[in-house]
Protein chains: 2
Amino acid sequence: MSDIGTTGQSRKRRRKSRVTAREVALRAGVGTMTVSRAFRNPESVSSDLRARIDEAVAALGYVPNRLAGGLASSRTGTVPVIIPSLSNNVFPDIVDGISGVLQAHNLQMLLGNTRYSLEEEEALAATFLSWSPDGIIIAGTDHTERTRAMLASSGIPVAEIIDIADDPIDMNIGFSHVEAGKAMGTYLLGRGYRRIALVAPLCPRDQRALRRLAGLREALAARDLEPTAELLYEDRSSWRLGAEAVVRVVAERPDVDAVFFANDDLAVGAVQECSRRGIAVPEQLAIAGFNGLEFASEIRPRLTTIVTPRREIGRQAAEMVVERLAGRAVDALRRDLGFRLLVGESA
Amino acid sequence: MSDIGTTGQSRKRRRKSRVTAREVALRAGVGTMTVSRAFRNPESVSSDLRARIDEAVAALGYVPNRLAGGLASSRTGTVPVIIPSLSNNVFPDIVDGISGVLQAHNLQMLLGNTRYSLEEEEALAATFLSWSPDGIIIAGTDHTERTRAMLASSGIPVAEIIDIADDPIDMNIGFSHVEAGKAMGTYLLGRGYRRIALVAPLCPRDQRALRRLAGLREALAARDLEPTAELLYEDRSSWRLGAEAVVRVVAERPDVDAVFFANDDLAVGAVQECSRRGIAVPEQLAIAGFNGLEFASEIRPRLTTIVTPRREIGRQAAEMVVERLAGRAVDALRRDLGFRLLVGESA
DNA sequence: GGGACCGAGGGTACCGCTACCATAAGAGGT
DNA sequence: ACCTCTTATGGTAGCGGTACCCTCGGTCCC
C-alpha cells in the first residue's frame with residue numbers, strides 16, 4: 001500500500017465537474033448554506049453577502065443542481081401532467097391552462113403522453129413518481145389498480161381532470177361526460193330527430209368518448225329509443241375518419257336523420273364531406289359534435305356541439321395543486337365545471 | 001429535556017420515508033449494490049439473488065429514487081424538448097416523432113413550452129439543464145446568447161430542430177424555411193400570379209414564419225417584384241385570424257391576386273371566408289398555406305401548401321441524441337430533410 | 001498443484017444540496 | 001449592566017443511490 005490511493009484525489013470519480021455551491025461559497029467568502037439561501041430566499045441574506053454571492057455566481061456560471069436539491073429537500077418543484085394525447089386540440093388547451101398557473105408559481109410542468117393506454121399511463125405514473133414530484137395532474141378517472149394505488153400512497157396532491165368520478169383519488173376537476181352526452185341527446189330529440197347514429201373513436205380506449213355516447217343513449221332511452229347505428233373506430237380521430245364515417249352511415253342506414261360524433265374533428269370532417277356530396281345539413285342529415293373547438297364555428301354550417309371548459313379545467317386543477325403545496329386546504333375537492341351546448345346550424 | 005430529542009431518532013428529518021434500496025437489500029439478504037444492479041442490469045445478478053430481490057421489491061413496493069440515482073451517476077435518462085407552442089398542430093407531430101424513439105430507448109421526455117419567447121426559452125433551458133438531462137432537443141436555431149452558451153457548454157447532445165442554420169450548436173435537423181418560402185413563391189409566379197400579399201403571425205416572434213416570407217420575397221425579387229401587401233399579426237394564428245386577414249387584404253388591396261399565408265391555419269380560415277363571401281378561389285384570389293396539416297386537404301378547394309417532414313424531424317433528432325448517448329458518433333450533424341410542395345386547388 | 005484469471009457480490013466514499021441545529025451579534029427591555 | 005429575543009450565518013449530517021474498489025470462490029492452464 002505504498003502508492004495506491006495515497007494521492008487521495010486520484011480516485012475521485014468525477015466526470016463533468018460542474019460548478020458547485022461550495023465553489024461559489026469559497027469565492028464569495030461565505031458558507032454553502034448562505035449560497036443556498038441566496039437562491040431560495042434572497043431576502044433572508046444580507047444585501048452585502050448577496051452581492052458577493054451574485055458576483056461569484058456570475059463569474060463561475062453556477063447553476064444549482066436540482067437533483068441534489070430535490071434529494072436533500074424532497075421537494076423538486078415539479079408537477080407532472082399525464083394526458084392521453086397531444087394531437088387533439090383538446091389537450092393543448094388544458095395543458096395551456098395548467099402551465100400558466102404552474103409557471104406563475106415557479107413549478108416545472110412535466111408532460112407525459114399515454115396514447116390512451118392505461119399500461120403506458122401506469123408506466124408513466126411510476127416513472128414520474130420516481131422523480132419525487134410535488135404534485136401530479138392526470139387526465140381521466142379510469143386507471144389501473146396499481147396506478148391508483150401508487151398515486152394514492154404517494155402522499156402528494158393528485159388532481160384527476162376532465163372527467164368527474166364518484167371516488168376520486170384525491171382532487172377531481174372536470175365535468176360529467178355522461179351528462180354532456182345526455183344534454184346533446186335531449187337537444188337532438190327536442191329538434192325532432194329520432195333516428196340517431198353514434199360515431200366514436202376508441203383510440204384505442206377513450207373512456208370519456210364512450211361515456212358521452214352512453215349519456216346520449218340514456219337520453220334516447222328516456223324516450224324508449226335507441227341509437228339507429230353505432231360506429232366505433234380504432235383509429236385516431238381525424239377529419240378524414242369523420243368523412244368516411246358519415247359516408248358509411250348514409251350508405252348503410254339511409255334512414256338516419258342525425259349523427260352524433262364524439263368529437264369535433266370527426267364532426268367537421270363529416271360536415272365537409274356532406275357539403276361535397278350534396279347532402280344537406282341539417283335538413284337531410286343533422287350533425288353534432290363535441291368539444292367546441294375553434295374551427296367548429298368557422299365552417300358552414302356552423303357545428304352544433306358541446307363546449308367544454310378545457311382551459312378552466314387546467315387552470316383550476318393547477319391552482320388546487322398549488323394551494324395544497326402552500327399548505328392551505330382546498331375547499332371543494334371535487335368540482336364539476338359543467339359544459340355548454342353551442343347551437344350552430346348543423347343540428 | 002426529559003423527553004425531547006432523547007430518543008435519538010426523532011430528530012431525523014425524514015418526512016415521507018419511502019422504501020429504500022437498503023430495506024430491500026436487508027429483506028433479500030443481499031447488499032445494496034446488488035439491488036442496484038438487479039434494476040439496471042439484471043443479467044449481471046445470479047437468478048437466485050434476483051428472485052429474492054424481486055420478491056422483496058414487490059413485497060415492500062420499492063420504487064428507486066431517480067433523484068438519488070441521477071445525482072450519483074450524473075445520468076438521469078431524461079431528454080427535455082423545448083418548443084414554442086402546443087396549440088399549433090405542427091409541434092404535436094414533432095413531439096410524437098420524438099417521444100416514440102425516446103420511449104423505445106427508455107428515455108423520459110420532458111416538454112417545455114416557450115410561447116415563442118426567447119426569454120422563456122432561456123429560462124426553460126436553464127431549468128432543464130439544472131436537472132442534468134442526458135440530451136436536449138430544442139426547436140429553432142434562434143436563441144439568446146446565454147441560451148446558446150449554456151447549451152454549448154453543457155456537454156450533452158443538443159439537437160436544434162425544424163429550422164437549419166449554418167452554425168448549429170451541435171446537431172441540427174430540419175429544413176430551410178427560406179427555401180420553402182422561395183419554392184412557394186416560384187410556384188405562384190409560375191402560375192402567373194404577380195400581385196402577391198403575405199400574411200404571417202408573429203406570436204410574438206416566430207422567426208421561422210418570417211423566414212418563409214423572406215424566401216417568398218426572394219423569389220419575387222428574382223423577377224423584380226415585391227409583395228403587394230404584407231400583414232403581420234401579433235396574435236396567435238387561427239382560422240378566424242386568417243379570415244380577418246383575407247378580408248382586410250381584399251378591402252385594402254383589391255388588386256392582389258394571391259395571398260401567401262405563413263401557416264395553414266390562417267390559410268384555411270381565409271379559404272373558408274372567401275367561400276362565404278363568394279370570392280372565387282383561386283380564380284379571383286389564390287391562397288397558399290404552409291405546413292401541410294391534415295385539414296388542408298379536407299377543405300374545398302384543397303389548399304396549396306408546403307408539406308413539412310414534422311414527424312421525421314422529431315424521429316431523426318431523437319435518434320441522433322440516442323446514438324450519441326450510446327457513445328456512437330453521428331455521421332451527419334446537420335441534416336436538411338427538405339419539404340414538399342403540395343399543389344391543391346386554392347392556388 | 002499453484003498461481004493467474006474471472007465473475008459475482010459487497011463496502012464505502014462520494015454525488016451536491018438542504019434540514020437541522022448551533023452560534024454570534026445586535027436589539028430591546030427593565 | 002444583564003438577560004432574553006431576534007436575526008444572520010455557518011457546520012454538518014444526511015437524502016438514496018451508484019462508481020470504484022475489493023474480496024472470495026471457482027476455472028483454467030502450465
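Atom set for the values below is all heavy atoms of this structure, side chains included, hydrogens, waters and symmetry mates excluded. In what follows, chains are A, B, ... by sequence order, proteins preceding strands, each numbered from 1.
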| request: Name the nucleic acid region contacted by B:Phe39, choosing base, sugar-phosphate or nothing; use a 4.0 angstrom heavy-atom cut-off, strictly under. | output: nothing

| remark: With A:Arg146 as partner, the option from A:Met150, A:Arg148, A:His143 fulfilling side chain to side chain contact (heavy atoms under 4.5 Å, CB included) is A:Met150

| remark: Comparing A:Met33 with A:Leu71, nearest DNA chain C nucleotide closer to 5' gives the residue A:Leu71

| field | Option from A:Ile313, A:Val79, A:Ile161 for which side chain to side chain contact (heavy atoms under 4.5 Å, CB included) with A:Ile98 holds | value | A:Ile161

| request: Output yes when at least one side-chain N/O atom of A:Arg40 is less than 4.0 Å from OP1 or OP2 of C:dA19, else no. | output: yes

| message | For C:dG16, does the base pair up with any side-chain atom of A:Arg66 as donor and acceptor (N or O, under 3.5 Å, distance only)? | response | no

| Lys/Arg-Asp/Glu bridge criterion (N-O < 4.0 Å) met for A:Arg52, A:Glu55 | no

| message | What I want to check is whether the side chains of A:Glu122 and A:Thr144 have a donor and an acceptor closer together than 3.5 Å. | response | yes

| request: Looking at every strand, decide which applies to B:Val30 at a 4.0 Å heavy-atom threshold: base, sugar-phosphate, or nothing. | output: sugar-phosphate

| note | Rounded to whole Å, CZ of A:Arg22 lies from P of D:dA13 at a distance of 13 Å

| Do any side-chain nitrogens or oxygens of A:Arg75 fall under 4.0 Å of OP1 or OP2 in C:dA19? | yes

| Would you call B:Asp134 and B:Arg75 a salt bridge, taking side-chain N to carboxylate O under 4.0 Å as the test? | no

| task | Check whether any side-chain nitrogen or oxygen of B:Ser46 sits under 4.0 Å from OP1 or OP2 of C:dG9, and answer yes or no. | result | yes

| field | Selection from D:dT9, D:dT12, C:dG10 that lies nearest to any side-chain heavy atom of B:Arg37 | value | C:dG10

| message | On DNA chain D, does the nearest nucleotide to A:Gly29 precede the nearest nucleotide to B:Leu67 from the 5' side, or the other way round? Give the residue. | response | A:Gly29

| message | Categorize A:Leu49 for me: base, sugar-phosphate, or nothing, with a 4.0 angstrom heavy-atom threshold over every strand shown. | response | sugar-phosphate

| Closest listed nucleotide, where the reference is the side chain of B:Ala21 and the choices are C:dA19, D:dG17, C:dC20 | D:dG17

| message | Taking any heavy-atom pair under 4.0 Å as a contact, classify B:Val35: base, sugar-phosphate, or nothing. | response | nothing

| Just how far, in rounded Å, is C1' of C:dA8 from CD of B:Glu43? | 14 Å

| query | Does a side-chain N or O from A:Ser36 land closer than 4.0 Å to OP1 or OP2 of C:dC17, or not? | reply | no

| field | A:Ser73 side chain, from C-beta outward: closest of D:dC15, C:dA19, D:dG17 | value | C:dA19

